[in-house]
Amino acid sequence: MAEREMNMAKPTLLLIDGNSLAFRAFYAMINQVERFVNHEGLHTNALVAFNNFLDGIVEPFDPDYALVAWDAGKTTFRTDKYDDYKGNRDKTPSELSEQFPYLREMVTLHGIYSYELPNYEADDIIGTTAKDAQAKGFDVTIVTGDRDMLQLVDEHIEVWITKKGVSELEHNDLAMVDEKYDGLTPAQIVDVKGLQGDTSDNYPGVAGIGPKTAIKLIKAYHSIPELYEHIDELKANKQKEKLVNGEADAKMSRDLARIRTDAPVEFELDDLKYTGPDYENIIPFYQQLDFKQQLAKLANQGHVLGASISGDASEETAAPSTTPVPLIRLSEDPTDLIPDYTDEISFYVELDDADYHTAAPVGFIFGNEAQGYVVGRDIDVLLIDPVKTMLENADVKKRVFNAKALYVLFLRYEVELQGLEYDILLMSYLVDTNDNSNDLGALAQQNDYYDVQTDEAVYGKGVKFEIPEDDQIFFEHLGQKARALEILPARLLQKLDDREQTDLYKNMELPLSIVLAEMEATGIKVDSQRLLMMGNDLAERLSDLEQKIYQEAGHEFNIQSPKQLGVVLFEEMGYKPIKKTKTGYSTSVEVLEQMQDVPIVKMILEYRQIAKIKSTYVEGLLRVVHGSDSKVHTHYIQTLTQTGRLSSTDPNLQNIPVRLEEGRLIRQAFVPSSSDCVLVSSDYSQIELRVLAHISGDKNMQAAFNADEDIHAATARRIFNLPEGEDIDPNMRRKAKAVNFGIVYGISDFGLAKNIGVSRKEAKEIIDTYFAEYPGIKQWSENIIDFARENGYVETMAHRRRYLPDMHAKNFNVRSFAERTAMNTPIQGSAADIIKIAMLNVQKALETEGLKTRMLLQVHDELIFEVPKAELEIIHELVPKVMDSAMALDVPLKVSSHEGATWYDAK
DNA sequence: CACACGTTT
DNA sequence: ACGTGAAACGTGTGT
């Protein structure tokens, strides 16, 4: 019997309320409505969410039959009966209504029957079909956002109600309805609704009867008709009066709430066979909607998206498959087969690890579509002529992905790559800083090219990462990458041009990538011995502190666990929690510093400080020192930050301690690589405020800088109305400094108050005075926010661009954050532009002067050099001169330099 | 993998 | 009333 049931499983039918889901989909993503707009200006947020629903829920469900029902129009038999039916609904926003035709097309392309019936609502189509199918032995599932549909639940009919947007569904079967309606049957829901009414569908029910009473009455009398048959039996009271008065309304409302199961639908169940997505035709549809993620997914599943090499647009979607990549595999006499490349080539080298300073190359490809691509595993081929010569020939332009990594790699083989013209990674980043994936496949997809898979898809990730042994698979992937490199530069150049970023790319970022490569490859020497000694010392202090802390606490616990520490302090020891985090008590410095008088807290603060130094800076640093040269070789990431700054990893040399003496000592471990060199550090003074003074045009701030005043003191004088010439109270200067910083970040009175320890009211007055004293800054802030709101992005002085889709967010916090970003990015980003130009010019000057000085590090407003003692004098003159003339502002740039035997001493 | 925390400019 | 200053990276805990 059991076996028979398994073999004879009922066919499944999925019925979807299209309108209801479309509304849910639209409002689920209403915050992002302006972010989802395709190239034709069509809003696509509901389409995106609806598509996710079709892919994420319908496809896995894989019904035998499926139907999406739509409302045909505004007038139905219900509006004939009751003029005001759904009469209080807001007009459908145009952003949604324009999506309906596409929603229907999308449904059809997913292999689902789409249907509407004049004079009826989607509910009635579904009700009719559900009951019909049930009678014919189907298992029916209904998906809707409308709880009224629960009335259709039956032995073989489930109703799934959308919960969160359209991505989560609540399953309702007979048992669920029984539970929710306190023992009532689905059919009785219309009776409850009839009494209680419905504000969203705008039918009245009985005035004064709510859901609780309605359920109680229907439980007692089974239905509205029966209730009124027995109305005389009711106790004479207010409730009875209401029911008597509302009889007509109740009966009409019940009628409106009742979903029809006899609508004159014109299809047969057989018409509803679910056929699954129509891949061939859904691709152009997705392309029209700019559904990049969907297209990427399809590409990764092996569907041919057909952006073929010919570039012929009309062929793009029609072409059934792409031309095979012309691969040239080398055999015994490799060089014979290598074409003579003279113009442009794609060039890509695959590494076995992300750290290109040490990774082993495991494959390469170079060439072009016309002459073919030479592909192989053994990189030695690249190190001998004729290939080596070609790689060093600036006239052969290379199209690459990550020029910096490639350049560093080849320095290892003493090859200086030339002609690195097109770096897809860098170009994509400049066009949109959010396109900062480190994967060629992913970036290609962001730029509408779908034939190259992501590395993760081909190689796997984490422990499963493996370069395929199969030449066919591996070389094909490399081939697709090379082809992407052939196609993408033209598209990206166009985009750069559209954004006036050609100069930024060609003359700043691209040459900078080579400068960075040389800095990384040079590296900075680390005195490991010194670090080890510091580590031992710190370990001792830690274990002392640890014992004392345990003693105070009365037992051992993990001091490094905020959770355990919270229990000790705020439960066992009974101190009052000052602040909470999402997960429990906060134990941050901010909190602990307010509890300084407690001995254990003081020790915990010290423990934290030392533990941080030991783990992050002593042990962390030692882990990444290269055995071969006792140096650390950081990786500057040029394509990550949203503002144009660099970032530094493995190790991060941009956050080496300096503020507190204990941590600052770490800098003693950074030393010159040779005994006849010293380290020189040159840093911009107040670069961000100078940039602000320039771009805002504020005359008062400009005057302060032009007179070489102490800007924080000058600000203090202004906001606290202090007389000229008199000494500034250090505390006032401190506050003024905090305000200056705050302004750069787009501060609130609350934030400033917290920061400098004054009342919020005082903070507000300070900010108001600040803006009154520096009116140009106030004006500029307002202007830049307006600009961002209108254009959706802000720019730096060098046309670096950051998109800010959240300027129109409904959520106050999200929007405010975008507004602060609109102010901060041009400031921080223009400062980044300036130091990047300075780096290029410094490097050029060092080369043309034939100096042995090497630029080692950049820390946002500071450059660190290794300088032979013989060159010290010239460097102290040359570097500040080059740095302060990097860009001409309306205020001077000021640079100071310091030298020392270690980084610590160069202060 | 997310969170809390702490370090820099 | 909301909730509250920008940009980053690394370590450790805990799920």
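Letters A, B, ... mirror the listed sequences (proteins, then strands); counts begin at 1.
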NA contact type, [X], heavy-atom cut-off 4.0 Å: base, sugar-phosphate, or nothing?
X      : result
A/V744 : nothing
A/G742 : base
A/S816 : nothing
A/D749 : nothing
A/R815 : nothing
A/A738 : base
A/T616 : sugar-phosphate
A/T587 : sugar-phosphate
A/L752 : nothing
A/F741 : base
A/R820 : sugar-phosphate
A/N655 : base

Whole-Å distance between [N] [atom2] and [X] [atom1]?
X      : N      : atom1 : atom2 : result
A/Q828 : C/dA8  : CD    : P     : 7 Å
A/L592 : B/dC5  : CG    : P     : 9 Å
A/I613 : B/dT8  : CD1   : C1'   : 14 Å
A/L569 : B/dC5  : CG    : P     : 12 Å
A/K764 : C/dG3  : NZ    : P     : 20 Å
A/K582 : C/dT13 : NZ    : C1'   : 16 Å
A/Y617 : B/dG6  : OH    : C1'   : 7 Å
A/R802 : C/dA7  : CZ    : P     : 5 Å

Quiz item: Using atom C1' of each nucleotide, how far apart are C/dG3 and B/dG6 to the nearest Å?
Solution: 24 Å
Quiz item: Taking atom P in both C/dC2 and B/dC5, what distance in whole Å separates the two?
Solution: 23 Å
Among [options], which nucleotide has an atom closest to any side-chain atom of [X]?
X      : options               : value
A/Q564 : C/dG14, C/dC9, C/dC2  : C/dG14
A/V589 : B/dG6, B/dT9, C/dG14  : B/dG6
A/N813 : B/dT8, C/dG3, C/dA7   : C/dG3
A/R608 : C/dC9, B/dG6, C/dT15  : B/dG6
A/P657 : B/dT7, C/dT4, B/dT9   : B/dT7
A/R760 : C/dT4, C/dT15, C/dA8  : C/dT4
A/F750 : C/dT4, C/dG10, B/dT7  : C/dT4
A/Q642 : C/dC9, C/dT13, C/dA7  : C/dA7
A/T649 : C/dG10, C/dA7, C/dT13 : C/dG10
A/K563 : C/dT15, C/dA8, B/dG6  : C/dT15

Practice problem: Mark yes when over 12 heavy atoms from residues, nucleotides or ligands other than A/E661 sit less than 6.0 Å from its CD; otherwise mark no. | Solution: yes
Self-check item: Residues, nucleotides or ligands: over 12 heavy atoms within 6.0 Å of A/K778 NZ
Solution: no
Tell me whether [X] is salt-bridged to [Y], with the criterion being a basic N under 4.0 Å from an acidic carboxylate O.
X      : Y      : answer
A/K548 : A/D544 : no
A/D423 : A/K404 : no
A/R789 : A/D786 : yes

Quiz item: Between the side-chain atoms of A/R645 and the base atoms of B/dT9, is any donor-acceptor pair under 3.5 Å?
Solution: yes
Practice problem: Could you tell me whether a side-chain N or O of A/E520 sits under 3.5 Å from a main-chain N or O of A/Y636, the two making a donor and an acceptor? | Solution: yes
Quiz item: How are the rings of A/Y585 and A/F570 set to each other: parallel, tilted or perpendicular (split at 30° and 60°)?
Solution: tilted
